[in-house]
Amino acid sequence: MKSIVIIGTQFGDEGKGKVTDYFAEHADIIVRFQGGNNAGHTIIIDDNKFKLHIIPSGILRKDKKVVIGNGLVVDPKVLLEEIERIEKRGITADNLILSDRANLIMPYHKAMDALEEKLKGHYSAGTTMKGIGPCYSDKVARFGIRVSDLYNPRILKEKLSMVIPIKNKIFNTFDEEIEFDIDEIYHEYLGYGDMLEKYVGDVSVILSQAFDEGRSVLFEGAQGTHLDIDHGMYPYTTSSNTVAGGASIGSGIGPMMIKEVMGVVKAYTSRVGEGPFPTELNDESGEYIREKGKEFGTTTGRPRRCGWLDMVIVKYAFRMNSLTSLAITKLDVLSGLDEIKVCTAYEHGDKIFEHLPADIETLKESKPVYITFDGWKEQNWEHISGEGYRSLPKNMRTYIEYIEKETGVPAMLISLGPKRSDTLIK
Ligand code: IMP
């Protein structure tokens, strides 16, 4: 494994944190390349639960470098709090590198997130309210404040003096009683700069040297393929490129440096926030999956919408990401169900769609076409994980092999529970 990207094939929350943590053992460097603290990873080690939002999950492995790439939007206050939290639990952040080119989430981005969501009405995506979209908007509009600006006080002051009056004017236009103060933010952010300075570096140079030295690099995706700003169900997406190609742009490496792409497929589908969800279950089965799968947002605590596995979206993710292997997660959650359904296509009027339509209305109105699998019973999954693939219930193997056949990609990792020990390599 010289370079691998781990990507979500659905709407995020596929269990990437656990999969990343598992493969991080074999990597020298773990890199996040997009998103911000809208993401949430829960990792359980020896009954200890770690919730991370911005720091890559590799931080929990000693002697690994973990990198926050230029493609992220970083809330420095949140990053510092997260560093403090993990250090209190005995994990050092000394091996963390923060890209000097990453954009910073500013207080006005969070306020703008709330305002824009309100103004968008039914086009609101149900964001995490962390300021992600407005920060990426400012990056693209070239209003952004980058990490390197924290070390050039004159430029920082100049940029804030240009941006903040514009933001204040927008808030005032919409009768928001919000007024951001240039000096206050200037001093606050210079302070963050001081505290973060020891982590800041040129990620592209660091990764290039690492590749030259033959080191293994793991790129940890956040969110999922269908939340991608270009390829997801726009406008119900996040604001970054969550697909594998984003790893190149968001960390400053050439695309040829990516050798493997692992797609994480949750055995069913979940979605948090607004947007089309053809296989959503608003019934007892959906409730069963939500409760058993503990499908509540790591970042916002919101109950996740749950539904059957949708192979139309998983196959789309295969195409978008050049997947070379799969990790299939949370299969244990489906145990106890007599029947398990999988969507193979969408029906819309007299049309059958085998590929995702771009038109969001069509997608909202589409009905799933299902095939049905026989279920399997609850087992001691930790024990079975140690016994190997052949000891899995036959119906579960049929389900796994169907996913492999439909995507044409082998499953490498099977996850049967939240712990490291509930994992099986096929
Ligand atoms: P934002 O990324 O906060 O702007 O939110 C945009 C959409 O992406 C909303 O529907 C969020 O619920 C969703 N979203 C953002 N981050 C995650 C994640 O880590 N997992 C699942 N959904 C997410």
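When a ligand or atom number is given, it counts from 1 through the structure's own listing order. When reading the values below, keep in mind they use all heavy atoms of this one structure, side chains included, and skip hydrogens, waters and symmetry mates.
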Which of the listed options, [options], holds the heavy atom that is closest to [atom]?
atom                    : options                        : result
atom 15 (C) of ligand 1 : Gln223, Glu14, Glu116          : Gln223
atom 11 (C) of ligand 1 : Gly232, Gly126, Ser270, Gly297 : Gly126
atom 14 (N) of ligand 1 : Leu227, Thr238, Val73          : Leu227

Specify side chain, backbone, both or neither for [X], according to which of its non-hydrogen atoms lie closer than 4.0 Å to ligand 1.
X      : value
Tyr236 : neither
Asn38  : both
Thr237 : backbone

Side chain to side chain donor-acceptor pair (under 3.5 Å) partners of Lys367, counting only residues at least two apart: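 Residues passing side chain to side chain donor-acceptor pair (under 3.5 Å) with Lys367: none at all.
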Would you mind running through ligand 1 and noting each atom that sits below 4.0 Å from a heavy atom of [X]?
X      : result
Val272 : 10 (O), 11 (C), 12 (O), 21 (C), 22 (N)
Ala125 : 9 (C), 10 (O)
Phe11  : 21 (C), 22 (N)
Thr127 : 1 (P), 3 (O), 4 (O), 5 (O), 9 (C)

Checking the N or O distance criterion of under 3.5 Å, is ligand 1 in contact with [X]?
X      : result
Ile132 : no
Asp13  : yes
Thr128 : yes

Check: His226 ring centroid to Tyr236 ring centroid under 6.0 Å: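 No.
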Close aromatic pair by centroid cut-off 6.0 Å: Tyr192 and Tyr189: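 Yes, they do, as the ring centres are separated by less than 6.0 Å.
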Is the backbone N or O of [Y] less than 3.5 Å from a side-chain atom of [X], with the two atoms forming a donor-acceptor pair by type?
X      : Y      : answer
Glu274 : His122 : no
Lys292 : Ser335 : yes
Glu260 : Thr324 : no

Any residue meeting ring-ring contact (aromatic ring centres under 6.0 Å, His included) with Tyr22, in chain and number order, not counting sequence neighbours: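 So Tyr22 forms no ring-ring contact (aromatic ring centres under 6.0 Å, His included) with any residue.
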Pair Lys167 + Asp138, salt bridge at N-O below 4.0 Å: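 A salt bridge links Lys167 with Asp138.
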Test item, Arg302 contacting ligand 1 (heavy atom, 4.0 angstrom):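 Yes, that is the case, since the closest heavy atom of the residue is under 4.0 Å from the ligand.
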Any Ala222 heavy atom less than 4.0 Å from ligand 1: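 Ala222 does not count as a contact of ligand 1 under the 4.0 Å cut-off.
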Between Thr362 and Lys351: side-chain donor-acceptor atoms closer than 3.5 Å: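 Distance-only check fails for Thr362 and Lys351.
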Considering all heavy atoms, the nearest Ser270-Asp13 contact: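 Heavy atoms of Ser270 and Asp13 come nearest at OG-CB, 4.2 Å.
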